[in-house]
Amino acid sequence: MNISKRDYEKMVDKASPNSRLGVNCLRAFLVGGLICTLGQLLHNTFVGFGSTTDQAGAFTAMSLIFLAILLTGFGKYDNLVSFAGAGAGVPITGFANAMAAPAIEFKKEGYIFGAGAKMFLIAGPVIVYGTLASMVVGVFYFLFGR
């Protein structure tokens, strides 16, 4: 069977789902914005209760991580990521979900080789390349930043 390139492209276009780029971007923007707004509200609340700005930042990050892991445990954060894409997957809450979901899924294999090892399947490369990037930036800052 010999198919021309043009016929093949028509078949691919027919079989491929339509991209909803505008809707996906809007969802990501709105959900990511809501997560950031929640973070800012938490930060302002912690400062209002007498925390320093640095302390409030740490408490805010811990609170957002806790909420993401809680929603992951109830199976709701994956629904949020399916709806919002990068808007829910990129912030610190997405990283918390990426760590917690495999740990919950593989818990039955044991705490060491199940939860402990599998939770780094997705998050491991992020940690490795994030650390590598910070080292490169640190070297550049050391050499050229003064």
Side-chain angles (χ1 to χ4, degrees), residues 5-142 144-145:
K5 185 175 179 180
R6 185 175 174 181
D7 290 338
Y8 179 76
E9 287 176 3
K10 285 181 183 179
M11 288 173 42
V12 168
D13 287 341
K14 186 177 178 182
S16 299
N18 292 333
S19 174
R20 298 174 40 194
L21 183 63
V23 172
N24 292 341
C25 287
L26 181 64
R27 286 179 178 177
F29 176 77
L30 292 175
V31 172
L34 286 173
I35 291 171
C36 292
T37 302
L38 174 62
Q40 189 63 52
L41 289 171
L42 288 169
H43 186 272
N44 292 349
T45 301
F46 291 129
V47 169
F49 281 121
S51 298
T52 66
T53 303
D54 289 340
Q55 290 171 334
F59 293 149
T60 300
M62 287 187 286
S63 299
L64 289 173
I65 290 168
F66 172 77
L67 290 172
I69 292 172
L70 185 68
L71 289 174
T72 299
F74 287 123
K76 300 298 181 191
Y77 202 85
D78 288 336
N79 297 340
L80 185 63
V81 172
S82 293
F83 174 78
V90 171
I92 193 171
T93 53
F95 186 72
N97 173 280
M99 292 290 289
I104 292 168
E105 182 179 347
F106 293 103
K107 180 182 164 195
K108 60 185 165 270
E109 293 182 21
Y111 288 109
I112 303 296
F113 296 110
K118 302 292 185 179
M119 71 182 184
F120 289 102
L121 286 176
I122 295 172
V126 174
I127 294 169
V128 169
Y129 291 111
T131 303
L132 181 63
S134 68
M135 289 171 54
V136 169
V137 169
V139 168
F140 273 96
Y141 179 75
F142 179 77
F144 306 111

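In this structure, the separation between OG1 on Thr45 and CG on Leu41 is 6.5 Å, given to the nearest 0.5 Å. Atoms CG and OG1, from Leu71 and Thr93 in turn, are 9.0 Å apart once rounded to the nearest 0.5 Å.
A side-chain hydrogen bond (donor to acceptor under 3.5 Å, both in side chains) check over residues 21-40, counting only residues at least two apart or in different chains, returns the pairs Gln40-Asn44. Judged as a side-chain hydrogen bond (donor to acceptor under 3.5 Å, both in side chains), the pairs with a partner in residues 63-74 (not counting sequence neighbours) are, in order, Thr72-Asn97. Listed by first and then second residue, the ring pair (Phe, Tyr, Trp, His ring centres under 6.0 Å) pairs that reach into residues 32-73 are Phe46-Phe59, sequence neighbours excluded.
Under the side-chain contact (heavy atoms from CB on, under 4.5 Å) criterion, Ile127 pairs with Phe95, Phe120, Thr131, not counting sequence neighbours. Remark: Ile65 engages Ile69, Ile92, Ala96 in a side-chain contact (heavy atoms from CB on, under 4.5 Å) (not counting sequence neighbours). With sequence neighbours excluded, no residue forms a ring-ring contact (aromatic ring centres under 6.0 Å, His included) with Tyr141.
Glu9 has its side chain within reach of Lys5: a pair of non-hydrogen atoms, C-beta onward, lies under 4.5 Å apart.
The two residues Ile35 and Ala88 make their nearest non-hydrogen contact at CD1-CA, 4.0 Å. Smallest separation of non-hydrogen atoms from Tyr77 and Gly94: OH-N, 3.4 Å.
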Go through the steps for Leu38 and Leu67 under the test side-chain contact (heavy atoms from CB on, under 4.5 Å), then give the verdict. CA-CA 11 Å; Leu38 174 62; Leu67 290 172; 4.0 Å; yes
